[in-house]
Amino acid sequence: MKEYSRYAKQKGTLKGEIKVVLFTAIGDLKTYYRYITNAMWVFMMPIGFLLVVYLFSGLIDQGAFSQASGGAQSLAHYALSGWALFYLGNFSYQMGYNIESEIVRGTLEPVFLTPIPRIFFILGKTLSRMLSSSLFSLVLIAVGFVLFGISGSASSLIKAFLLFLLCMVMFFGIGVIMSGFSLRYKQIGSIANMFTFIFQFVTGTFIPIRIFPQPIRYFAYCIPDTWAIDTFRSTLMGIEPLFDIGREVMLLIILAVTFNLLGYKVFQHFERKTKEDGTLSLY
Amino acid sequence: MRDCPYRYHNLYIMHVKNVHTTYGESMNYAISTENLTKTYPKAKQPAVENLNLKIREGEIFGFLGPNGSGKTTTFKILCTLLLPTSGRAYVNGYDVINETRNVQMSIGAVMESERSFYWRLTGEENLMRFASYFYIPIKDAKNRISELMERFDLLQHKDKQVGKYSRGMKAKLSIIRALLPDPPILFFDEPWLGLDVETKLELKNLILSIAKKEKKTVFLCSHELSLVEEICDNVAIISKGCVFIEGEPEKLIEKIGSRESIVMRGAFSEEDVQKIQTLRDVLILHQSKKDAIHIAVKKAANTLPALYENLGSKIENISVTNVSLEDVYLYFSAEESKNEGI
């Protein structure tokens, strides 16, 4: 007695956990892209977005926009950098779908029968979405450089990239919280969609926050995406930030740590609750 | 208020354990429960109540009962997918509440749902993914997957997406997944659900061969009583959350005191049923809307003349077989229903 399964002896090693993350991420990417419509969507989305930005750029008074945005060269410059980060943040709110899809598919219980810490499973699922989102974001920025002539020094690019990574960590924490809620309340897709819809307007993705009425501005300040977008954009393009850039970075670090710790606890709590209620696989 | 453990206390057939064991005693069993109770939120009655099971290492244990009797609830608690309301449960000596990870490192489980795979991934990709969740080294996982897929006759389909697998193939894949880490304890929840006869028999033989050759403990929830009878060392029948009979299938059959089972079809009245009840050595196991009566007798040859004498031409069809676990199940279920009605 007390013997574990013969092949299940590598518990808890870093190598083992990395494998869990990779197999989950690769499996999800394969599953996603084997649906041809998903592949088409990923290809069409940036093209559509760039087209809209290009057309709108010609209609807007660039001088007035530059003033409202704190010094952006044009709407195209402003919106591209905003969208790159917004799209990255978007995945975190949609991470609830990760768990929801596992429940619908019937694969959540078999996964929860295994001894892996759930956080690595979520990390793997997140990684696959993140890779798609990051790829989209980076492609947008790269195309923006070519089409609209976005200028940036090497040091600002490196700083922006590091900020991008920091934002990824922060968004992961938010995603884990969303996953926990999804585990407990199942269909949180509508809430996620509501967040996404509202946030794209109020977080300064392509409309400068400075032009909002005060109550909406304060509301925007309460959303982590606002700070991620503002800091990233200011660093990449030298646009005037909403507040001091150093403080904004510090805030992002604090938010990243807080959301990750909170996410871990929230997920653990809701996992226990669903096991008490017997609703783990219910949808 | 219900009082499960003592419900059949006065019946000679009763074999429910109500022994308070210590942690040390529980360690000696592959699976054990102590007054295990689960009440779902807002439920009026417990789904499982004061369940006391003792399953030895290497035993194939059948857990039987009608729909909603508490089988799957027990299965899920033992597999760490559900938390009990009270009582304890130990799997491989580990507490399912406080040593969850150790339990998960000791078991393989086959769920009834065929939709438990990533349909756009191939059979092999699915298994590699789950192998990583058991921390199986990649090389070992590949070898193990090939070995098991070959054994289950799926090797030629390893590169096919699971969505294109037949139901039987998915059932086999589920068993392979459970066997991946080579666990000492296996759990099955309705492994034969929706399968054709050939596949059922094939899987039965595979489960039996794996359990016996590799000395695995098997906890099996099923409605397939004939298959359960063939492979299980011990069975327990649960109804409304309480185990009301437990033991070796052969001994349970002996406990009925009858050797043969008779099923009669025809248009029978209540009076006919009463007549049958008065006959010597006859136990009524089941009657369905008076068009079929299922009875157990000591010797059919002695009872058949009396049956024809009393029911005569009303009998359209009659068949005689040896008493099986199904008859035991019907008998004790009927007893249980009578008791509920008291």
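Given the structure is predicted, the values throughout are model-derived calculations rather than measurements. Below, chains carry the letters A, B, ... as their sequence lines are ordered, and counting in each starts from 1. FYI, side chains are in, hydrogens and waters are out, and symmetry mates aren't considered; it's all heavy atoms of this structure.
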> Residues of residues 21-34 of chain A under 4.5 Å from chain B (heavy atom pairs)?
F23(A), T24(A), G27(A), D28(A), K30(A), T31(A), R34(A)
> Would D233(B) and R56(B) pass as an ion pair if we require N to O under 4.0 Å?
no
> Just jot down the salt bridge (Lys or Arg N to Asp or Glu O under 4.0 Å) partners of R184(A), sequence neighbours excluded, or say none.
D277(A)
> Under 4.5 Å from any heavy atom of chain A, what part of Y40(B) do you find: side chain, backbone, both or neither?
side chain
> Need one label for E102(A): side chain, backbone, both or neither, based on atoms under 4.5 Å from any heavy atom in chain B.
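Answer is side chain: those atoms of E102(A) sit under 4.5 Å from chain B.
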> Give the member of R120(B), R144(B), E125(B), Q161(B) that has the highest number of heavy-atom pairs under 4.5 Å with chain A.
R120(B)
> Is E109(A) paired with K76(B) through a side-chain N to carboxylate O contact shorter than 4.0 Å?
yes
> Heavy-atom distances under 4.5 Å only: say whether T279(A) touches chain B with side chain, backbone, both or neither.
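Looking at T279(A), nothing touches chain B.
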> Taking the six-membered ring of Y118(B), is the NZ or CZ of R105(A) close enough (under 6.0 Å from the centre) and on axis enough (within 45°)?
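No - R105(A) does not lie over the ring of Y118(B) by the 6.0 Å and 45° rule.
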> Regarding Q104(B) and T80(B), is there a side-chain donor-to-acceptor distance under 3.5 Å anywhere?
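Present: a donor and an acceptor within the cut-off.
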> Specify which of L280(A), V20(A), T274(A), L113(A) makes the most heavy-atom pairs with chain B at under 4.5 Å.
L113(A)
> Judged by atom type as modelled, is there a donor-acceptor pair below 3.5 Å linking the side chain of R118(A) to the main-chain atoms of F112(A)?
yes
> Could you give the distance from CZ (F152(B)) to NZ (K172(B)), rounded to the nearest 0.5 Å?
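The distance works out to 8.5 Å.
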> Give, as side chain, backbone, both or neither, the part of K38(B) having an atom under 4.5 angstrom from any heavy atom of chain A.
side chain
> Answer with side chain, backbone, both or neither: which region of V111(A) has an atom nearer than 4.5 Å to a non-hydrogen atom of chain B?
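Both parts, backbone and side chain.
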> Is the number of heavy atoms from other residues, nucleotides or ligands under 6.0 Å of I223(A) CD1 greater than 12?
yes
> Would you please name every residue forming a salt bridge (Lys or Arg N to Asp or Glu O under 4.0 Å) with K164(B), sequence neighbours left out?
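Partners of K164(B) by the salt bridge (Lys or Arg N to Asp or Glu O under 4.0 Å) criterion come out as none, since no residue qualifies.
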> With only heavy atoms counted, which part of L180(B) is less than 4.5 Å from chain A, the side chain, the backbone, both or neither?
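Backbone of L180(B) only, per the 4.5 Å heavy-atom cut-off to chain A.
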> Under 4.5 Å heavy-atom distance to chain B, tell me which part of F121(A) shows up: side chain, backbone, both or neither.
side chain
> Does E150(B) have any salt bridge (Lys or Arg N to Asp or Glu O under 4.0 Å) partners at least two apart in sequence or in another chain, and if so, which?
none
